[in-house]
Amino acid sequence: MDQHRDSGQPVPDWLSVEEALDRVLAACTPLPVSQLPVSDAVGRALAAGVASRVDHPPWDNSAMDGFAVRAVDVQGATERAPVRLPVSDDVSAGAFPRGPLAPGTAARVMTGAPVPAGATGVIRIEHTDGGLEDSVEIRADSDALRNIREAGEDLKRGETILPAGTEITPAVVGSLVAMGWPEVEVREAPRVAVLSNGDELADFDDIDEVLAGRRIMNSNEYGLAALIRAAGGVPVRLGIAADSAESVRRKIEAAPPFDALITSAGVSVGDHDHVKAALDALGLEHGFWRVRMRPGSPITFGVLAERPVFGLPGNPVSVMVTFYQFVRPALRALAGHDRLRPLTIRGRAAEEITSPGGLTYFFRVRLERGEQGLEARLTGPQGSGILRSMVAADALAIIPENRTTIAAGEELRMLPLREWLE
Ligand code: AMP
Ligand code: MG
């Protein structure tokens with residue numbers, strides 16, 4: 001019912017999706033700093049810039065297995081007119097040259113091994129006879145000035161390589177360790193309280209009521225906990241409040257410490273606003289209610305004792321869409337990330353998609369690889385209570401407020417929900 005309630009009606013005081021996200025982000029400041037072993041820090045954000053403790057590579061080194069030479073000694077060497085040089089050194093990975101390269105000689109070097117001073121290049125082994133004797137035949141001079149990687153070309157000691165706010169990806173883990181850091185300063189992971197509400201809800205301790213058809217499962221709590229974990233937060237479960245402002249308020253007051261709060265349900269007109277009434281009674285500041293989007297328009301937002309609070313709608317798909325659009329960016333802001341807004345991708349509509357217009361619509365779509373890139377097809381009925389079409393979705397297609405028809409083949413912007421296609 002929610003998805004039809006306001007169709008076609010003017011909605012002058014509702015915020016646009018972008019305005020709402022701006023308001024949310026403006027209310028979120030990074031949590032305190034803590035120290036973590038690098039290997040435990042994946043997904044967190046650096047609290048301060050990180051400088052390298054070393055030059056990497058630490059020495060001029062060979063990019064090839066081959067022979068370090070001076071260009072003057074191999075100039076003009078070809079298959080037909082090879083040049084033979086005595087081998088004066090043999091540097092394997094982990095070893096060091098005996099000294100500078102003696103003029104008129106070659107030094108055998110392995111990939112990554114330091115190149116002796118004076119060498120101008122490394123002749124790859126394929127351009128030699130292999131140099132198995134104590135001399136080597138050079139059969140091409142094309143590498144005479146190549147294949148030496150300079151010391152410090154990747155990292156320079158003292159240089160800030162990673163700015164504050166950088167997300168700790170596997171590449172960042174590798175680079176922190178290469179720079180010599182066993183631990184890093186990161187922002188704490190947000191603890192996110194989750195409160196469901198509705199007299200119709202039950203949890204597993206009451207599953208008989210659900211199986212008897214008298215209640216429905218409190219699935220939002222579990223879906224939200226999973227979303228929170230995937231977004232780098234730690235869920236704090238507050239359970240189910242009854243359909244009254246009093247019950248919602250008491251559950252929030254009794255909650256263990258949290259950095260952000262999410263409630264689901266009880267924010268649409270039909271619910272007599274009891275979540276909003278409870279939040280107002282607790283002193284909610286800087287709030288907004290209603291966003292020009294569907295699903296998810298009745299979302300409520302505000303700040304309670306400096307912590308962001310999201311009153312999400314009750315329908316499971318509305319919960320997920322509003323989480324992706326607003327809560328995830330907010331949790332990233334709390335966790336100190338420098339990139340907060342979701343990546344969108346482009347594709348084409350595989351079939352005509354129509355929307356009532358006036359609101360930004362998020363349609364659940366399945367993606368296929370087509371001849372002109374990604375093609376998006378609706379996953380089925382788009383009602384905000386139909387979680388099945390969310391389960392099947394690879395992305396949310398975003399239909400702007402000013403559009404009512406997207407023709408088959410027309411370009412679309414989408415928020416990806418997966419990283420895998422085939
Ligand atoms: P409401 O916003 O309270 O009108 O709820 C909208 C719809 O979402 C109703 O069909 C509710 O039964 C459903 N709903 C509310 N809370 C939950 C929940 N925690 N888990 C699953 N469905 C819910
Ligand atoms: Mg309800």
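Computed from a prediction, not measured in an experiment: that's the story for all the values here. Note that ligands are numbered from 1 as they come in the structure, with each ligand's atoms numbered from 1 the same way.
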From CA spacing to verdict: side chain to side chain donor-acceptor pair (under 3.5 Å), S389, R364: CA-CA 7 Å; S389 52; R364 284 144 262 165; 2.6 Å; yes
N/O separation below 3.5 Å, N220 to ligand 1: yes
Element-labelled atoms of ligand 1 that are located less than 4.0 Å from some non-hydrogen atom of I216: 12 (O), 22 (N)
Which segment of S219 sits under 4.0 Å of ligand 1 when only heavy atoms are counted: both
Side chain N218, main chain L201, donor-acceptor under 3.5 Å: no
Min N/O separation L201 to ligand 1 under 3.5 Å: no
Enumerated ligand 1 atoms positioned under 4.0 Å from heavy atoms of M217: 20 (N), 21 (C)
H274 and N197: CA distance, side-chain angles, deciding distance, side chain to side chain donor-acceptor pair (under 3.5 Å) verdict: CA-CA 10 Å; H274 57 264; N197 82 99; 2.6 Å; yes
Atom of P313, atom of V319 and distance for their closest heavy-atom approach: O-CG2, 3.2 Å
Numbering as shown, the atoms of ligand 1 that approach S268 to under 4.0 Å (heavy-atom distance): 2 (O), 4 (O)
Contacts of A95 that satisfy side chain to side chain contact (heavy atoms under 4.5 Å, CB included) - sequence neighbours left out: V91, S92
Within-shell test, G385 vs ligand 1, heavy atom, strictly < 4.0 Å: no
Ring geometry between F288 and F326 (parallel below 30°, tilted from 30 to 60°, perpendicular above 60°): perpendicular
Any N or O of G266 closer than 3.5 Å to N or O of ligand 1: yes
Structural part of I240 in contact with ligand 1, heavy atom criterion under 4.0 angstrom: neither
Short N-O contact, R348 and E375, less than 4.0 angstrom: no
Worked verdict on H286 versus R23 for side chain to side chain contact (heavy atoms under 4.5 Å, CB included): CA-CA 9 Å; H286 314 300; R23 297 266 285 267; over 6 Å; no
S196 neighbourhood, listing ligand 1 atoms whose heavy-atom distance to it stays under 4.0 Å: 19 (N)
Proximity flag G198 to ligand 1, non-hydrogen atoms under 4.0 Å: no
